[in-house]
6 protein chains.
Amino acid sequence: MINGKSMLVVSAHAADYVWRSGGTIAKYIAEGAKVYITVLSFGIRGESNDLWKQEGATVERVRNIRREETLKASEILGIREIEFWDLRDYPIELTTEHEERLVRKIREIRPDIILTHDKFDVLNPDHNRVSEFVVRCSIMSNSAGVQLEGTNVTKQMRLFGFEPHQTELSHYMPGSFIDITPVYEKKVAAMKCFQAQKHLIEYYSERAFMRGNHAARISGNSAYKYAESFANFFPVVGPELY
Amino acid sequence: MINGKSMLVVSAHAADYVWRSGGTIAKYIAEGAKVYITVLSFGIRGESNDLWKQEGATVERVRNIRREETLKASEILGIREIEFWDLRDYPIELTTEHEERLVRKIREIRPDIILTHDKFDVLNPDHNRVSEFVVRCSIMSNSAGVQLEGTNVTKQMRLFGFEPHQTELSHYMPGSFIDITPVYEKKVAAMKCFQAQKHLIEYYSERAFMRGNHAARISGNSAYKYAESFANFFPVVGPELY
Amino acid sequence: MINGKSMLVVSAHAADYVWRSGGTIAKYIAEGAKVYITVLSFGIRGESNDLWKQEGATVERVRNIRREETLKASEILGIREIEFWDLRDYPIELTTEHEERLVRKIREIRPDIILTHDKFDVLNPDHNRVSEFVVRCSIMSNSAGVQLEGTNVTKQMRLFGFEPHQTELSHYMPGSFIDITPVYEKKVAAMKCFQAQKHLIEYYSERAFMRGNHAARISGNSAYKYAESFANFFPVVGPELY
Amino acid sequence: MINGKSMLVVSAHAADYVWRSGGTIAKYIAEGAKVYITVLSFGIRGESNDLWKQEGATVERVRNIRREETLKASEILGIREIEFWDLRDYPIELTTEHEERLVRKIREIRPDIILTHDKFDVLNPDHNRVSEFVVRCSIMSNSAGVQLEGTNVTKQMRLFGFEPHQTELSHYMPGSFIDITPVYEKKVAAMKCFQAQKHLIEYYSERAFMRGNHAARISGNSAYKYAESFANFFPVVGPELY
Amino acid sequence: MINGKSMLVVSAHAADYVWRSGGTIAKYIAEGAKVYITVLSFGIRGESNDLWKQEGATVERVRNIRREETLKASEILGIREIEFWDLRDYPIELTTEHEERLVRKIREIRPDIILTHDKFDVLNPDHNRVSEFVVRCSIMSNSAGVQLEGTNVTKQMRLFGFEPHQTELSHYMPGSFIDITPVYEKKVAAMKCFQAQKHLIEYYSERAFMRGNHAARISGNSAYKYAESFANFFPVVGPELY
Amino acid sequence: MINGKSMLVVSAHAADYVWRSGGTIAKYIAEGAKVYITVLSFGIRGESNDLWKQEGATVERVRNIRREETLKASEILGIREIEFWDLRDYPIELTTEHEERLVRKIREIRPDIILTHDKFDVLNPDHNRVSEFVVRCSIMSNSAGVQLEGTNVTKQMRLFGFEPHQTELSHYMPGSFIDITPVYEKKVAAMKCFQAQKHLIEYYSERAFMRGNHAARISGNSAYKYAESFANFFPVVGPELY
């Protein structure tokens, strides 16, 4: 049951969480979960190609546009808490201080689920570093000996990985499909906030259709029209076989 | 929810289903599922080593002992329907007639879940053949053009694979852990019916403990004491992330 | 250079070659290659679900519809030679006689390129068998000791595998992308011949768009709008690095 | 210690055992082991290309030449027992009768080690079938219920796989290197018996040099000049770490 | 032959070497090898959960308890040399200075065998870093150009990797099994020193039983009751096939 | 067509580019390409074992010999531009400054092709780091937001990976074979410049022969006598199937 669950989404760049999990986020919110977003960088260097082609682009301008776009998207999705670390990207560098910061975040939110980048993205070294970083911090958060004043140790939560852009080349293996049919329009609206990455809007719309087709085929449930897929960092553990 | 579900378990030899899924079967029955077992062979040639060491062993005697043992085990687990195809094993040969027979069975039972051998068992070629056979028949069953009088096409059901004996050498990857703590004693009692494979009783008891430890570790739920694991033939598809 | 090349496409069912390589076939024909299609089965049992839902469906009717549809599609693509083996499918059974028949075909056509199903399709055992069969026959064709009256041994040709429906679950790894932008409309027209598999028309249209996006991204050539991808059975061998 | 060990080598075609394990065989014989060779086919169709280019080649002539060549090679290596099943190759077909025959052979010889083809050879479907066949028969041989008059069940022996021709494409992973420096000349002499496959003599001579280089590098022992490598079907089990 | 060999064991945390290789260490010592242990951290942050649950736990107290426990365990195993680097763990950070220190250690001890963590542990990033670090240092140690005053270059030694906790999820592949039946009680006694990780004592006792079962099955030697398994970093190189 | 293409080769140590791509480089130059070499280190610590065995070896002497050798080799191959970063090796450390330097280089040269080390070399951690570094820098170079004064963003170029020394243990998969038959003597002459690594001259000569044999076999073109192989970082994208 989604109601009452909490979810933390850690996004390397400002728009990653929308392309890859916007539908799932919208669905979780619609059904009563609390969703928190941590955006590590605005993607100023690595994911703003179209903005840099505009006359007079500066780091400051690109940052402002990206911030506005992602805030707007997060509002459409219904997110109440989004935080920006504003790290430099391409490459993203993650230090001991960042580890402590994320562990604190995890211990504060105490998420049932963490969504972040999957282990390997053939075209995006930032995603790979963030994936390893989030896994490491979640393990630290669960360890009683990692003493941080004012925090309490967590229990092992569920981790899931985003689909990378080119899945086969990134050795991506879908472990879970989430039906996003009821919230699909909300995801499309959120994606449309990112004018610097227009080509991705069509791409991820069709991706949702394709994953919906896959989900329907492997479940025998033809009601699934749109879906998002995720990699499972761990096996499913539970009272029955899903 | 388990209640009302139906499950078909296809077992290459007479005891496979008990070692590898006895706890899950007991649990499903306890919670209101219908479980059907199809035993393809008695394992007379391949899985009755200790019986063949007894004075005066013959095929007929071994068959009778194996049949009695597995019937007794199935009663302990609470199974109401078990059928025996009594095929020759080591090696097991599966023909077009067997395909039709299993497709009929699937269309009659209309299982939500099929449990059978996983894709590869380094030490048991029969298991490999049965795995491929069951997958093939389930796909045929779901195809409207496979016309068999008196049957109706099925929808894609869930498929899960048993743990093989030596998991790493068999490239086995657990996808789902099922908590069997409440029914663990029932599984042990069922295993004890197989006097020809005594060494496996201790082995699979400890395996359940070890999988319970794994399940607790990756779920953060320390109430899991005993578990069984299965390979997922397909990703999980559903309304939420499990 | 495509002009003057010859290509043999071996398709398990009547429509496979259109969904998976229709654009590449159209392109090769447009640029002067000779393309031959061998259709092993009409897909009567396995790939005609919608036809079987029609009132009064019989094997004969389904066969006729599938034959007409695929003939029409092949005409749109510009194929001059298509042959139908009309084997039973689901499952497809391939014998020594079929091996001899395909070796004869290969030695007659002497293709530079063979396109067929890739090694593994998680949802279609027929595709797996056909893939293995075609590879085996190509190796036999290249072996001088496989003496068939009236035929001459061939040299190793290039082999490429079709994309399966669910690529990641089938461990599919794209090795080559072919730009089909100039012939995309032709592929769409050919796909529209298959009224029994309407849902696949949209699916493979979007697939072409997605593969075009991938091709543009990894080549730096934004002129690629639509593409098909194939698995490489062998490494590229040649005078330069492509 | 090699002295007193027995080894069974199962070769799909007449020369495979020489190219891939001739040095190891010579070494085992030199140090007191008994080596038995089972040659399943003469490779008339698949591995006699040069013989078929000779004027007036017939199946009978090719068979005779291959038999003479391999007998001569086996004498050079010091083998006392070689048996020929003379099966048709390309493709090799292995039936229930062949299974019984090989199980009898294994139970008669009771080998400590079986050498045969590794699991996958990208260019040789016969090798794949023979590999699976030998593994299956060895497991049957070890099973008490596989009752064959006049035979006694065996214990699990060690199995090792030959290097295929193109190792990386065949997913070959070397598990063991055997130093063949002292018997290298014997292997070369044995290889020279196969006039129909002259190009392979240079190839496998250089292969031995290359594997010697690898063996020296990973062992720190620069005395290794020539080596053969094998895949391990099972982990090493023993009193110490080798 | 074990007698006269030297072995270096590099352990990320204070108890790793006991759980994963205590039996092999005891056996090597019993048969005349010299065994050296390098413990990189006390596991204060990452592997002392139960100690942190005790009233009044501090870093200093946890360190002292862990040190005492591991010293006691090492005495039981018969180790004469154990050194503690006392690094911070979770995460463990390894610098150029640590590289030089370990290279010096390796060149001083000149081990025939190095045991350390295997390449990947899904639940323990420290283990992954230590594995890569030890491999890197061993290669540096073998390179004449890595000039360190007072040291002499080494030759390539054997490297083996510990079993991680959840083997399949960590892509662990056992390459070697060591029979620890004669020293099993010693391992159990050593494990019992770690009161902070009580649940692991039962876990690794059963693990030894299970690995003994595996070892017996794949070797045909039923005398193996308890075993430890290791990953092989390199193929076996030697005078015979083990 | 090679004529007019530009190629950047990034070599971890002074001789890597010669052993692994000397033939391809010579061929590209012979046919009108511009080839640029960036040598990150002289391999003083890691790849100069024989030089360190000479009486009176010092870092300075080793550096001078390596520099002279590689300059001589590059002249034989016909290279006009080679640059030396003279980093310390074993281990090689790559910083943000190095990233900027390589991005500048890539943007200045604007290569169609980058050759560098493949993803994993089991025996050489430097190679692994350089591989990851070059991929990362190429992606940064292609990103408009990575603003470096005086440079212009590039488009995605082709990347290929060198063969490591022990290919199977390094999970190396050849994706492309280049025929180097016409320039083979030039490669041999270039290799002979490296007197400190004499054993590798024979090794890589035989390797070229072996790869020529492989190339001939999988292409059916027996004119290929010598070849080099490379891993494809990306699928082939183009107007036809190569």
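Below, read A as the first sequence line, B as the second, and so on, with proteins coming before strands; counting in each chain starts at 1.
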>> Looking at every heavy atom in both Phe209(B) and Tyr203(E), which two are closest together, and how far apart are they?
In response: CE2-CA, 4.0 Å

> Should we count NZ of Lys72(E) as having more than 12 external heavy atoms under 6.0 Å?
Replying inline: no

> Can you say whether His165(E) sits under 4.5 Å from chain B via the side chain, the backbone, both, or neither, judging by heavy atoms?
Replying inline: both

> Could Arg211(E) and Glu168(B) be called an ion pair, given the rule that one side-chain N must be under 4.0 Å from one carboxylate O?
Replying inline: yes

> Do you know which of His199(E), His171(E), Arg217(E) has the most heavy-atom pairs under 4.5 Å to chain B?
Replying inline: Arg217(E)

> Does atom CD of Glu132(E) have more than 12 heavy-atom neighbours, drawn from other residues, nucleotides or ligands, at distances under 6.0 Å?
Replying inline: no

> Looking at CE of Met210(E) and OH of Tyr204(B), how far apart are the two atoms once the value is rounded to the nearest 0.5 Å?
Replying inline: 9.0 Å

>> Taking atom NZ as the centre, does Lys5(B) end up with more than 12 heavy-atom neighbours from other residues, nucleotides or ligands that are less than 6.0 angstrom away?
In response: yes

